Amino acid sequence: MSSILVTGGAGYIGSHTVVELFRAGYNPVIIDNFSNSEKSVLKGIESITGERITLYTGDCNDADFVNYIFESDPEITGCIHFAAYKAVGESVEKPVEYYKNNINSLLVLLTSMMQFNIKNLVFSSSCTVYGQPDELPVTESSPVKKAESPYGNTKQICEEVIEDTVAAAGEIKAVSLRYFNPVGAHPSSQIGELPIGTPNNLVPFLTQTVAGIRKELVIFGDDYDTPDGTCVRDYIHVLDLAQAHVKALDYLDKKKNDSLYRVFNVGTGNGHTVLDVIKTFESVTGEKVNYRVGTRRAGDVEKVWANADKINKELNWKTQLTLKQALNDAWSWQKVLKNRGKQ
Ligand code: UDP
């Protein structure tokens with residue numbers, strides 16, 4: 001059984017991917033420094049899979065530590081790199097920390113992969129690289145726009161670093177997955193998103209509002225050029241997104257070329273407004289959302305959704321789960337957190 005190193009494997013998308021790797025017959029090996037995740041996530045994963053997880057607690061910026069893991073586990077054949085800071089607003093305030101952490105950890109990982117002859121890399125990228133695209137739905141060949149934030153810029157730079165490394169080294173095969181908006185939780189309610197402090201993202205803010213933790217949800221603007229004036233995004237169930245990583249690894253495994261770099265959008269292909277999300281949540285859960293319309297949020301793009309033809313065709317991946325399921329799962333997870341006295 002081949003082992004896959006999952007950096008940031010205790011995080012939101014990482015933990016769901018670990019579950020899907022198990023289901024697909026891989027042996028995931030987690031590395032996490034728990035700077036933005038919790039040890040309890042491991043229990044959640046193990047209760048779904050019924051298997052013990054190998055965990056290395058530490059930082060991907062620590063080259064000795066990463067080398068030690070590759071040395072200790074010669075079965076590792078590939079890596080999925082999630083570990084990164086991800087708060088857009090914070091990145092504007094602490095750009096140096098974002099550049100240092102997000103870029104250096106990738107450099108350490110690539111260096112170590114080359115040293116230990118590990119060929120396959122899947123990188124966690126984002127549709128933020130497109131900014132406000134000129135044409136919708138957005139394809140992978142749409143131009144990469146100047147990043148709106150240091151966080152977005154780290155994703156662009158990391159993609160370039162990988163592309164250049166693949167071209168030069170001729171040893172690494174890599175896929176960058178450009179995520180649209182991941183939402184929801186595992187249908188078992190054993191794992192899900194664990195926002196620290198006040199959530200920035202729509203769905204955790206919404207579920208916390210309905211749970212009575214937040215007073216009201218503010219819609220950031222309703223004067224956009226969209227069907228109801230609120231912004232449009234492509235919301236994808238986190239479990240579908242997790243499966244895309246497994247498909248990417250399968251794909252890399254099958255490609256025998258020495259050198260390969262591919263980029264894929266991971267979205268549903270459907271756009272939904274903020275009001276759509278609220279209304280869908282209300283209809284699927286029977287709960288009322290206390291919301292009001294506020295002003296626009298700086299840096300928000302008006303509308304973006306994916307053209308997912310490339311990943312559908314080349315990785316044989318398609319979304320299986322709907323926005324309704326995602327919102328239902330997000331709500332079930334929120335209730336579990338509340339019962340745990342968390343949030
Ligand atoms: N949004 C909102 N209120 C909130 C959080 C988000 O109206 O409290 C909107 C935001 O303007 C965007 C959409 O919800 O149109 C998704 O935002 P999120 O932060 O979840 O993801 P983003 O697309 O910004 O990465």
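Note that the structure is predicted; figures quoted are calculated from it, not measured. When a ligand or atom number is given, it counts from 1 through the structure's own listing order. What you see below is based on every heavy atom in this structure, not just the backbone, and it leaves out hydrogens, waters and symmetry mates.
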Are Phe205 and Ile213 connected in a single hydrophobic cluster, I mean Ile/Leu/Val/Met/Phe/Trp/Tyr linked by side-chain heavy atoms less than 4.5 Å apart? no

Looking only at protein heavy atoms, which one is nearest to atom 23 (O) of ligand 1, and how far off is it? Arg233 NE, 2.6 Å

Test ring pair (Phe, Tyr, Trp, His ring centres under 6.0 Å) on Phe281 and Trp331; report intermediate values, then the result. CA-CA 9 Å; Phe281 181 90; Trp331 179 231; 5.8 Å; yes

Thinking salt bridges, do Lys303 and Asp225 make one under a 4.0 Å N-O criterion? yes

Search all heavy atoms of Ser2 against all heavy atoms of Tyr26 and return the closest pair with its distance. OG-CD2, 3.5 Å

Can you list the ligand 1 atoms lying under 4.0 Å from a non-hydrogen atom of Val218? 2 (C), 3 (N), 4 (C), 7 (O), 8 (O)

In this structure, atom 20 (O) of ligand 1 is nearest to the protein heavy atom Leu202 N, 2.9 Å

Please report whether the ring centroid of Tyr179 lies less than 6.0 Å from that of His245. yes

Could you tell me which non-hydrogen atom of Val183 sits nearest to which non-hydrogen atom of Tyr12, and how far apart they are? C-OH, 3.1 Å

Go through the steps for Glu20 and Arg23 under the test salt bridge (Lys or Arg N to Asp or Glu O under 4.0 Å), then give the verdict. CA-CA 5 Å; Glu20 289 306 299; Arg23 277 196 343 122; 3.1 Å; yes

Flag Leu217 as yes when one of its N or O atoms lies below 3.5 Å from any N or O atom of ligand 1, and as no otherwise. no

Number the atoms of ligand 1 from 1 as they appear, then name those within less than 4.0 Å of a heavy atom of Val274, with their elements. 7 (O), 9 (C), 14 (O), 15 (O)

Would you mind listing which atoms of ligand 1 come within a distance below 4.0 Å of any non-hydrogen atom of Phe220? 1 (N), 2 (C), 3 (N), 4 (C), 5 (C), 6 (C), 7 (O), 8 (O), 11 (O)

Closest non-hydrogen protein atom to atom 21 (O) of ligand 1, residue and atom name please, with distance? Asn181 ND2, 3.1 Å

Atom 18 (P) of ligand 1: which protein heavy atom is closest, and how many Å away? Asn201 ND2, 3.4 Å

If we number the atoms of ligand 1 from 1 as shown, the ones under 4.0 Å from a heavy atom of Cys231 are 15 (O)

Measuring only between side-chain heavy atoms, which start at C-beta, is Tyr291 closer than 4.5 Å to Val274? no

Looking at atom 17 (O) of ligand 1, what's its closest protein heavy atom, distance included? Arg297 NH2, 3.4 Å

So if I count the atoms of ligand 1 from 1 in the order they appear, which ones are less than 4.0 Å from some heavy atom of Asp300? 10 (C), 11 (O), 24 (O)

Flag this pair as yes if the NZ/CZ of Arg178 is under 6.0 angstrom from the six-membered ring centre of Phe264 and inside a 45 degree cone about the axis; otherwise no. no

The atoms of ligand 1 lying under 4.0 Å from a heavy atom of Asn200, numbered in the order shown, are 5 (C), 19 (O)

I'd like to check whether Ile219 has a polar contact with ligand 1, where a contact means an N/O of the residue lying under 3.5 Å from an N/O of the ligand. no

What part of Tyr235 sits under 4.0 Å from ligand 1 if we count only heavy atoms: the side chain, the backbone, both or neither? side chain

